[in-house]
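Below, chains carry the letters A, B, ... as their sequence lines are ordered, and counting in each starts from 1.
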Amino acid sequence: MDKPELKNFTKPESIKDYPVGPSFSGGHLVSVNSGWRTFKPVVALDTCTGCYRCYLVCPDGVIVKTEAGKVAVDYDFCKGCGVCAHECPFDAIEMVKEDLQK
Amino acid sequence: MNNKRITVKNMTDKEYFFGHKACAGCGGSLAVRLALKVFGDRTFAALPAGCMSAVGFIYPQMAFLNNAIISTFPGTGSMLSGMRAGLDALGIKDTHVVGFAGDGGTADIGLQALSGAIDREEKIIYICYDNEAYMNTGVQKSSLTPYGARTTTSPAGENLPGSVMHKKNLFEIVAAHDIAYAATASVGYPQDYLNKLSKAALVEGTSYIHIYATCPTGWGTPTETSVSLAKEAVDSGLWYLAEYENGEFTLNRRPKEFFPVKEHLLKQGRFKHLKDSDIRIIEEARDKKWKRMLEHWK
Ligand SMILES: Cc1ncc(C[n+]2csc(CCOP(=O)(O)OP(=O)(O)O)c2C)c(N)n1
Ligand code: SF4
Ligand code: SF4
Ligand code: SF4
Ligand SMILES: [Mg+2]
């Protein structure tokens, strides 16, 4: 997958540190979305056929096509919506409860 | 810009709408993501006030990889016109100028600017992601909210069944401008949507795509059903896949028999209160519309 890298961001300390207008270039990401998740999608690689249905329908674009012709998930940005698991024609994705104590 | 059919196998791996803060399972964000994957790097986008601008531009984040700007709520059509004029003035070629506006931003407050842009035959692509209410401000009824849907301004109770108005027929209003290309789509039929996006990208004049986009937060639906529900809406005849081109309407999908409306609606919190008499009103409106479409459209 070809996606923007996370960037460091120093919080402005005074009003003077804020830009006057819109100031960031495309793909300026400073925080992940993984904390939104209560369940995470886990791909069973032996069942996955590489049909890429999950890749097509993921609203967040976090499914990655792998060189082996299967898929992996970018857990930094997956929100755990479960659309991929619900749509997989081969039941190759299981939604597994996150350990929220960690 | 080529003519090749874009599919999940050959589409770019580049993600242009990434790291956004839309709710989990948001259908609108899927509509924006897929469109930008078809249009590519040289795309200039305008988004009015609404969920997709709210979740894309959260300081200091910028979830769009391409050029993108927030327009005024009513001004998407005019902002797109200005962007096209600016690109022409600068001699910047091979670009797409695209708007992503909600149902409220399109069918209500933005209709005048959209109508003007179509009338001027601007070379722009306007995408309305229709989540059937003003979601970003907390679920108020728009003119694209369907009959029976509970919103904060169309409450359901003893006296009212939720919205008492049916959906405005925006697709045909847009087509009545004799626009170069207009289509309806659904996030439940992503390949059909990709085909329409590819077509829109090649149109010389104005193109308009109206995509049915699930909103788990506003509809009270499980996040994982965002794609299957949008498919079911088409299969039950409550939404339809069609195109308008060269002055003619084409239906892209004619369900042999409809998926049961009641079963489909009762999966959604916003319709849970509906009585059988309300379901019948919805079915009658559907049948009337389909009779007309089947008689007059290709
Ligand atoms: C002139 C003006 N009026 C009202 C608003 C407040 N407002 C911001 S977003 C929004 C709702 C947008 O609804 P819709 O266009 O359907 O997009 P959605 O949020 O559902 O994606 C409203 C009313 C505004 N920003 N500007
Ligand atoms: S939808 Fe299922 S089978 Fe297809 S690529 Fe994804 S995990 Fe594999
Ligand atoms: S759970 Fe949702 S966000 Fe995560 S990979 Fe699946 S579809 Fe994408
Ligand atoms: S409220 Fe609905 S449309 Fe808005 S971001 Fe959430 S799911 Fe998407
Ligand atoms: Mg809306």
Interatomic spacing from CD in A/E87 to OG in B/S226 - rounded to 0.5 Å: 9.5 Å
query: Is there side-chain contact between A/V62 and B/F18, with heavy atoms separated by less than 4.5 Å?
result: yes
B/E224 side chain vs A/H86 backbone, donor-acceptor pair below 3.5 Å: no
message: Measuring from atom CG of B/L194 to atom CG of A/L56, what distance do you get when rounded to the nearest 0.5 angstrom?
response: 6.0 Å
field: chain A contact via B/T225 - which portion, at a heavy-atom distance below 4.5 Å
entry: both
- line: One should read off an interatomic distance between A/W36 CH2 and B/T223 OG1, to the nearest 0.5 angstrom, of 12.0 Å
message: So for A/R37, is it side chain, backbone, both, or neither that comes closer than 4.5 Å to the heavy atoms of chain B?
response: neither
query: What residue, out of A/P4, A/C78, A/A85, A/C58, has the most heavy-atom pairs lying under 4.5 Å from chain B?
result: A/C58
task: Report yes or no: does A/H28 contribute a side-chain atom to a donor-acceptor pair with the main-chain N or O of B/P60 at less than 3.5 Å?
output: yes
Pairwise ring pair (Phe, Tyr, Trp, His ring centres under 6.0 Å) hits with a residue in residues 20-53 of chain B, at least two apart: B/F17-B/H20, B/F39-B/H96
- prompt: How are the rings of B/Y59 and A/F24 set relative to one another: parallel (under 30°), tilted (30 to 60°) or perpendicular (over 60°)?
  reply: tilted
- request: Against chain B, label A/C51 side chain, backbone, both or neither, depending on which of its atoms sit under 4.5 Å from a heavy atom there.
  value: backbone
- line: Residue from A/G50, A/P12, A/S31 scoring the most non-hydrogen pairs under 4.5 Å with chain B is A/S31
